[in-house]
Protein chains: 6
Amino acid sequence: MARQLQLFLEEDIGLGDITTDSVFPSDQEGQAVFVAKEDFVVAGINDIAPLVFTTRNPQITCVSLKKDGETVHSGERIFSAQGPVRDLLSAERVALNLVQRMSGIATLTAAFVHQVEGLPVRIIDTRKTTPGLRAIEKYSVRVGGGYNHRFSLADGILLKDNHIAACGSITKAVQTLRDKAPHTLKIEVETENLAQVEECLACGVEIIMLDNMAPTLMCQAVALIRKRALVEASGGVNLANVREIAETGVDLISVGALTHSARAMDISMRLSV
Amino acid sequence: MARQLQLFLEEDIGLGDITTDSVFPSDQEGQAVFVAKEDFVVAGINDIAPLVFTTRNPQITCVSLKKDGETVHSGERIFSAQGPVRDLLSAERVALNLVQRMSGIATLTAAFVHQVEGLPVRIIDTRKTTPGLRAIEKYSVRVGGGYNHRFSLADGILLKDNHIAACGSITKAVQTLRDKAPHTLKIEVETENLAQVEECLACGVEIIMLDNMAPTLMCQAVALIRKRALVEASGGVNLANVREIAETGVDLISVGALTHSARAMDISMRLSV
Amino acid sequence: MARQLQLFLEEDIGLGDITTDSVFPSDQEGQAVFVAKEDFVVAGINDIAPLVFTTRNPQITCVSLKKDGETVHSGERIFSAQGPVRDLLSAERVALNLVQRMSGIATLTAAFVHQVEGLPVRIIDTRKTTPGLRAIEKYSVRVGGGYNHRFSLADGILLKDNHIAACGSITKAVQTLRDKAPHTLKIEVETENLAQVEECLACGVEIIMLDNMAPTLMCQAVALIRKRALVEASGGVNLANVREIAETGVDLISVGALTHSARAMDISMRLSV
Amino acid sequence: MARQLQLFLEEDIGLGDITTDSVFPSDQEGQAVFVAKEDFVVAGINDIAPLVFTTRNPQITCVSLKKDGETVHSGERIFSAQGPVRDLLSAERVALNLVQRMSGIATLTAAFVHQVEGLPVRIIDTRKTTPGLRAIEKYSVRVGGGYNHRFSLADGILLKDNHIAACGSITKAVQTLRDKAPHTLKIEVETENLAQVEECLACGVEIIMLDNMAPTLMCQAVALIRKRALVEASGGVNLANVREIAETGVDLISVGALTHSARAMDISMRLSV
Amino acid sequence: MARQLQLFLEEDIGLGDITTDSVFPSDQEGQAVFVAKEDFVVAGINDIAPLVFTTRNPQITCVSLKKDGETVHSGERIFSAQGPVRDLLSAERVALNLVQRMSGIATLTAAFVHQVEGLPVRIIDTRKTTPGLRAIEKYSVRVGGGYNHRFSLADGILLKDNHIAACGSITKAVQTLRDKAPHTLKIEVETENLAQVEECLACGVEIIMLDNMAPTLMCQAVALIRKRALVEASGGVNLANVREIAETGVDLISVGALTHSARAMDISMRLSV
Amino acid sequence: MARQLQLFLEEDIGLGDITTDSVFPSDQEGQAVFVAKEDFVVAGINDIAPLVFTTRNPQITCVSLKKDGETVHSGERIFSAQGPVRDLLSAERVALNLVQRMSGIATLTAAFVHQVEGLPVRIIDTRKTTPGLRAIEKYSVRVGGGYNHRFSLADGILLKDNHIAACGSITKAVQTLRDKAPHTLKIEVETENLAQVEECLACGVEIIMLDNMAPTLMCQAVALIRKRALVEASGGVNLANVREIAETGVDLISVGALTHSARAMDISMRLSV
């Protein structure tokens, strides 16, 4: 992570912060405070923000005034850093850009989780993350009360229509994977109708994805499966329809928007010298 | 860029796409097509998508079926790639994740640009980009008809309240920068009231930012400045109020949301073997 | 992989092959052939050896004369490369070092697989791989007829004594993981006696590892489990005892030696100018 | 080295140790101890093991309970690390994988050195090291009492049959190298018979390698050379024949097996919380 | 910077300092002092030299005995470092190589600045820096009293003959850039005669470069421009003619030699153990 | 090398060549030619310049119109590249910066070599190279007719005063190195007087460096050594005194200035569209 943050800082600072370096002497100390400008579930102040500042200058000392996962309110101070003003200002944008995005994901996830409160279902993410930020974004989903689907193509098996077509049938595709893949991974299959669900059950698939099914069809699928496999609803999920989907009895609801379309939360940094 | 895309592919593929590699033989060829699932301004299919696929396998041949900046419609084919199925499938997610985000930014930018049509004003971005993706995101803003503000802290001078306070006054801060900074960069100063605007004019500031000013105050500032400096409106800009702001006569309107809160466009990849 | 091979070449070549560059003109072409000096199961000539040579010089053309997984005999030609002599000689050592090690792993794996022929059991590897070479070594295990256990700590769940102690019991540890971990991963628990095996069964553990158990105890465990979980034998496995262990009815036998103690196969490169 | 260890840790940990992170709170401290499970010459606990743990977390404090080069006995504690349990467990495998391999090389080297005790000969390594680990493996050879041959193609001159053939004769090849190579390096020539040895002596070669010669032939070569050059025996050396080779009077015996076929030593890590 | 210095150290140290490591025990402490062997303007001892030594070993403590920008005299001590002798000696060459070059640039820059003393002109650098060292070299120019031209192609606009030819005229080229480039950057145009200067003035170019003009022609250009644009003299500037050029009234004089042809200053390191 | 050139290009281009990209369409082709603006020995056009351009864009085709090591004259065309104008212009500066520096080193080396023409002596370089460019600069020395001293601290043994003092005497220091260092490296010792030279001879040192000795003292040293060791003159060598030093009969003369103080040669790039 530290290596990655170093690159982010280089991207933003380039060959030097001309404005700040011209104005502040190198030995001027100060304190920076992150302040929430709206209400949200915060993420990124436990580990990431401190790491950004100490990557810039190991002498900076940081205090997290809230914990990742807490709901913070507009006007509240959530994080502070103390050290040379030049380094506080030149690390500001990267730290804010990350915490704002992470909090956006946590907050959107929490909204989905809130919608399905009381139901035995998990809100899960997808691989539709921002390139380069997968670990950070999947962490933010967990902070918001969601769960993670696979991290990469190497740590999960998901048979989609192309794979199935290539093998000839779900049964054959599952058999191929059983023969070749590590025994530690469950097999998940994407289905579009009840016939496919039945074929999955017949060959012992561990996770059945219901892809873009209408809620009534999902209900039938859940009834058919009878807990013999985990059931994941996928496709077209939003805050308005997530509870209806959850009420079908599925175990998991995957939401690409958690990571591909979350809005950044409004946070500003106040400096006192 | 190629080095960065390599890291993005490694992040998504991990130690190998177990599902695909188990199903498809290494010499199976196929064709992948990106299809728009909604209407939007496309970005990323000229250079980025081809580079993702050829970074994965230089043998893959790509064709852009639209050009970056075109408005595409739901159902249209926008890009195709031909080559080994294993590589098409293992590069799919990274390519889509990028093109969906880039198109989201271009589309949101185009919406802002559309709102101010006919007025002599530029919609510009900020440094509120996703860490690691600044070049790509600033390119997407240009694709959508917007313009770029500075790329990094090294290629623009922006005096904010902290810098001014440290120097004692705008005049002193500007003098300090004039003495130290490269002559190639214009000096921009953040102002909150007309007195500050006047001070900027008195010391020949080249760009005056009106920070979070109400439209009426902006009008007064513009009148005061009389084209002696470029005028940038900043803070709280959205699609609803951007035209009112533009009508105050400012030259530039900066919008953080272009890059920090754009929604990903819906695009899918169809594979034929 | 190409990036990694580049580093391996830099490690071996340093600032240049003084001997070869002094003797051969830069435009001298030649052919290099890899020859087996003993019998073994070959690995690394499909993809890795060609990639080493083309990483050194993209003009080199390579032909694999055998396929990964074939048994080759002393004296047989297994791979050839054609191109500038300087590049053939400066890439020789890295290519051989990799193919010799990979073939060593494939050959040792095949020996274990041979010992358990006819029994419904998989020989699997561990995380005891050479740092930096995990993907290559796990591939070599597959080439030899073995299977892979998890690739990293992120793509498998394995509860060991420390984890269980920290939670208070197997039941509580499993519950904790069920609550927090991705649903795509099976849970594996390390057990040392039948009581622990029973506790695993009671809480639905998907894979039960029998750690350093005597064969008779393993038999009892297998009988107890009755296919309700996958059973992995681990600890102290060697070519002499692997069949006895396999006959206990376990599904998986993990062997650290496959990757940490395989002997390099003897292969030499012959050059004709 | 630290950069390399960082990559090794990333390889093993992936996007996080799901098992450990689910079970142990982030502030739980503990102590890890490496215990020898057989007798061996230890290598890697002076510098490498501490560096692995502090690369993972600079707060971890390490104590080497033995010194690299000491013979340790089964059951002895050789190294301890104190710090957050999460970091101890996630760095365990990389640290063990390295120390086990390094100790394996040191122990095998020591066995060869022991065989030639009392004779004025050096056991030396080759470039047949594991790609990526050359520095570590050559260090392990030194720990075991051996010596290093050249580190890379840039820091030693070794004329083999191909080089000699290209120049027309040993004499011409040596002349070519004398004319072009840095004066700081000795010239070594590979020979297969006494005529070649004589030609080497005639042109003042500093190191003569006797390649795959029978011991009686080696004796003749040594007699012929009469200390006018260093003499290196190479090819087919093992623990059974190394003393016979040493008794021929050669100065150096190179053994590829030291680094390409050493068995990993058995070491385990015990954690107390 | 730290990452880059790490690479520089690896380049110089290779797989280890054989001489020093053979002679000094790892726990031997010592003190190294940099001593000037001629008079010069020092650069690199504030930040760079300490960073080289602490990158090698964070335990080394450094003291800068002069400040960057001071004129030091032959025999004066300018920097000291305290720590393990092995690390002081293995970092010596990289630290000296950098400080000697940086001081050479600062000293040459100061000589140019001295020549134009009392005149309202800036000595500026170019992009003719050593690849990989741009930030360090541009810093050295500032230390010597010079100013920086643009850092990269992304943070300055400079229209040369090729660009102008491609657009058809200076006017069209300037218009094109005004339409497309960020508003934060001034536009600079290279001119060769007064007609071009007039065209620049007509279209409001902010910086006019007089390329290889004779001093009398420069005088005419300056008179023509009458402070309506910054004026930069470029081409064939040396210590002998710089004052004559400055007296033409130009604002900026760019000198490629500052960074591409400065002589290294003579500095040695004394070690006391 | 390609990786390094990639970084050099990123340093110079930053986030894009705003000027060129605004003016030239992406499909505009052109030809660039490097033209010598003074007489010099050229270096860098065989391999480096083509690699810079093809690293920027693999479609660019390059032709070297001279060979490294040739003397070229003012006005001669030495290298051409054909391809997209945008890429030719954005790679121009890095390619020129390298070729100008390399040619400067080759030319200065050739001047030293010319001074000692007819004498049996080698002009050799030192480790006083520009950090990051050692391989390139040592190559340029060879192009100019010089020879290389060691590449790094790992491929040469050089005992200096500090090492000798630490061991107690030259004899003890040499013995220590003989005992520990690889047998492939010659031992060189720095001496300041004839007594030290004698001690070196007594213990069989292979290379004796005469450090800052007056020519008459060098003559005595050479007479004393009588070809029993290679003799290197070092310290204060310049074009004026190098022949006098060479006439003392030393075998090698090392010149730090070759790489630390060479002036860049004047070369320009002409573009035709």
Side-chain angles (χ1 to χ4, degrees), chain E residues 4-5 7-8 11-24 28 85 89-90 93-94 96-98 100-101 104 127-134 151-160 162-163 165-167 173 176-177 179-182 185 256-257 260-264 271 273, chain F residues 4-5 7-8 11-24 28 85 89-90 93-94 96-98 100-101 104 127-134 151-160 162-163 165-167 173 176-177 179-182 185 256-257 260-264 271 273:
Chain E
Q4 211 176 343
L5 296 181
L7 293 173
F8 294 167
E11 180 189 61
D12 188 47
I13 300 172
L15 288 169
D17 181 347
I18 292 172
T19 317
T20 296
D21 293 354
S22 298
V23 162
F24 290 99
Q28 170 88 60
V85 169
L89 284 175
S90 60
R93 192 72 262 147
V94 171
L96 280 178
N97 280 352
L98 287 168
Q100 290 180 275
R101 274 161 179 73
R127 280 169 44 240
K128 296 178 182 176
T129 56
T130 312
L133 299 183
R134 181 160 293 171
F151 274 71
S152 78
L153 292 167
D155 58 52
I157 295 166
L158 179 47
L159 286 160
K160 300 191 181 181
N162 291 315
H163 303 110
C167 293
T176 300
L177 264 296
D179 286 354
K180 296 192 180 171
L185 304 175
H260 73 50
S261 293
R263 183 175 66 78
L271 181 79
V273 180
Chain F
Q4 211 176 341
L5 296 181
L7 293 173
F8 294 166
E11 181 190 61
D12 189 48
I13 300 172
L15 289 169
D17 181 346
I18 292 172
T19 317
T20 295
D21 292 354
S22 299
V23 163
F24 291 100
Q28 170 89 60
V85 169
L89 285 175
S90 60
R93 193 72 260 148
V94 171
L96 281 178
N97 280 353
L98 287 168
Q100 290 181 276
R101 274 162 179 71
R127 282 169 42 240
K128 296 177 181 176
T129 56
T130 312
L133 299 182
R134 181 160 292 170
F151 274 72
S152 77
L153 292 167
D155 58 53
I157 296 166
L158 178 47
L159 286 159
K160 300 191 181 182
N162 290 315
H163 303 110
C167 293
T176 300
L177 265 296
D179 286 354
K180 296 193 180 171
L185 304 175
H260 73 51
S261 293
R263 182 174 68 78
L271 181 80
V273 179

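Here the structure is a predicted model, which means the values were calculated and not measured. Within every chain, numbering begins at 1; the chains are lettered A, B, ... in the order of the sequence lines, protein sequences first and strands thereafter.
Judged by distance alone, the side chain of E:K128 and the main-chain N or O of E:H260 form no donor-acceptor pair under 3.5 Å.
Your options are F:A181, F:C167, F:A173, F:S261, and the one with the most heavy-atom pairs under 4.5 Å with chain E is F:S261. When each of E:L96, E:V23, E:L158, E:N97 is scored by its heavy-atom pairs under 4.5 Å with chain F, the top score falls to E:N97. Top candidate by heavy-atom pairs under 4.5 Å with chain E, chosen from F:G132, F:G104, F:G14, is F:G132. Counting heavy-atom pairs under 4.5 Å between each of E:L89, E:D155, E:T20, E:D179 and chain F puts E:T20 at the top. By number of non-hydrogen pairs under 4.5 angstrom with chain E, the leading residue of F:K180, F:Q28, F:R127 is F:R127. The residue among F:L185, F:V273, F:V85, F:L271 with the most heavy atom pairs within less than 4.5 Å of chain E is F:L271. Your options are F:S90, F:G256, F:A154, and the one with the most heavy-atom pairs under 4.5 Å with chain E is F:A154. The greatest number of non-hydrogen atom pairs below 4.5 Å with chain F, out of E:T129, E:L15, E:L98, is found for E:T129. Across F:T176, F:N162, F:L159, F:L177, the residue that shares the most heavy-atom pairs under 4.5 angstrom with chain E is F:N162.
Separating the CG atom in E:D17 from the CD1 atom in F:I157 is a distance of 10.5 Å, to the nearest 0.5 Å. Rounding to the nearest 0.5 angstrom, the gap separating the CZ atom in E:F151 from the CD atom in F:E11 is 10.5 Å.
For E:D21, there are no side-chain hydrogen bond (donor to acceptor under 3.5 Å, both in side chains) partners two or more places apart in sequence or in a different chain. By the side-chain hydrogen bond (donor to acceptor under 3.5 Å, both in side chains) test, F:R101 pairs with E:T130, sequence neighbours left out.
Contacts of E:L7 with chain F are absent, with no heavy-atom separation under 4.5 Å from either backbone or side chain. Looking at E:L133, the atoms closer than 4.5 Å to chain F (heavy atoms on both sides) sit in the backbone and in the side chain alike.
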